[in-house]
Amino acid sequence: MLRLVALLLILAGSASAAELTFDIRIEGGRVHDTMQLIRVHEGDSVKLRWTSDRPLTLHLHGYNIEKHVAEDGVTEFSFTANATGRFPIEIHGSGTGAGGGVHQGSPLAVIEVYPR
């Protein structure tokens, strides 16, 4: 009986994880106000689909995802939200900072991952 309860709890937790996709456009080094804060829950499968009016490199801190976004192309960040907290997404420029680049100003957006 105890094993059945444990199995049901595990299945209930995994069933509540969502698959979320966010389409985010960068123009002039900024995103629309409604996309500056993205909220998800622990265990969610998250897909960020980026487009930009100029080529740039984006870095999602905490998940250590860094990718180049081509002008008017689509670049995807896909990850499972395993770590909870606030994680900034920043534009990286050339230089010698973390990850081989320097941050250019305040975060472009922030992802908040809440415990489930």
Q. Taking W50 as the fixed residue, which of I89, V74, L56 is the one that meets the side chain to side chain contact (heavy atoms under 4.5 Å, CB included) rule?
A. I89

**Q.** 4.5 Å side-chain heavy-atom contact, I24 and T51
**A.** no

Q: Applying salt bridge (charged side-chain N to carboxylate O under 4.0 Å, His left out), run through R116 and D44 and close with a yes or a no.
A: CA-CA 9 Å; R116 190 158 300 279; D44 287 349; 2.2 Å; yes

Q. So if you build clusters from Ile, Leu, Val, Met, Phe, Trp, Tyr with side-chain heavy-atom gaps below 4.5 Å, do I26 and V110 land together?
A. no

Q: Report yes or no: does K47 contribute a side-chain atom to a donor-acceptor pair with the main-chain N or O of E76 at less than 3.5 Å?
A: no

Q. Do you know the tightest heavy-atom contact between V113 and A81?
A. CG1-CB, 3.7 Å

Q: May I have the step-by-step check of side chain to side chain contact (heavy atoms under 4.5 Å, CB included) for R25 and D53, ending in yes or no?
A: CA-CA 8 Å; R25 174 81 179 154; D53 61 352; 3.6 Å; yes

Q. Rounded to the nearest 0.5 Å, how far does CZ of F22 lie from CD1 of I111?
A. 8.0 Å

Q.
If you count heavy atoms of other groups shown closer than 6.0 angstrom to CD of E71, is the number above 12?
A. yes

**Q.** Nearest atoms (heavy-atom pairs only) where H59 meets N64
**A.** NE2-OD1, 3.4 Å

**Q.** Residue pair V46 / F77, side-chain heavy-atom distance below 4.5 Å
**A.** no

Q) Would L20 and F87 show up in the same hydrophobic cluster when neighbours are defined by side-chain heavy atoms closer than 4.5 Å? A) yes

**Q.** Step-by-step side chain to side chain contact (heavy atoms under 4.5 Å, CB included) determination, I91 to T57
**A.** CA-CA 6 Å; I91 297 173; T57 300; over 6 Å; no

Q) Is there a side-chain contact between L48 and I65, using heavy atoms and a 4.5 Å cut-off? A) no

Q. Could you state the interatomic distance from OG (S106) to CZ (R30), rounded to the nearest 0.5 Å?
A. 7.5 Å

Q: Check whether any side-chain N or O of Y63 sits under 3.5 Å from a backbone N or O of A83 as a donor-acceptor pair, and report yes or no.
A: yes

Q. Quick check: are there more than 12 heavy atoms from other residues, nucleotides or ligands sitting under 6.0 Å from CZ of R86?
A. no

Kindly list each side-chain donor-acceptor pair under 3.5 angstrom involving residues 34-42, sequence neighbours excluded, with atom names and distances?
| residue | atom | partner | partner atom | Å |
| --- | --- | --- | --- | --- |
| T34 | OG1 | H32 | ND1 | 2.9 |
| Q36 | NE2 | V31 | O | 3.4 |
| Q36 | NE2 | D33 | OD1 | 3.4 |
| R39 | NE | E112 | OE1 | 3.3 |
| R39 | NE | Y114 | OH | 3.4 |

Q) Between A17 and G43, which heavy-atom pair has the shortest distance, and what is it? A) CB-O, 3.4 Å

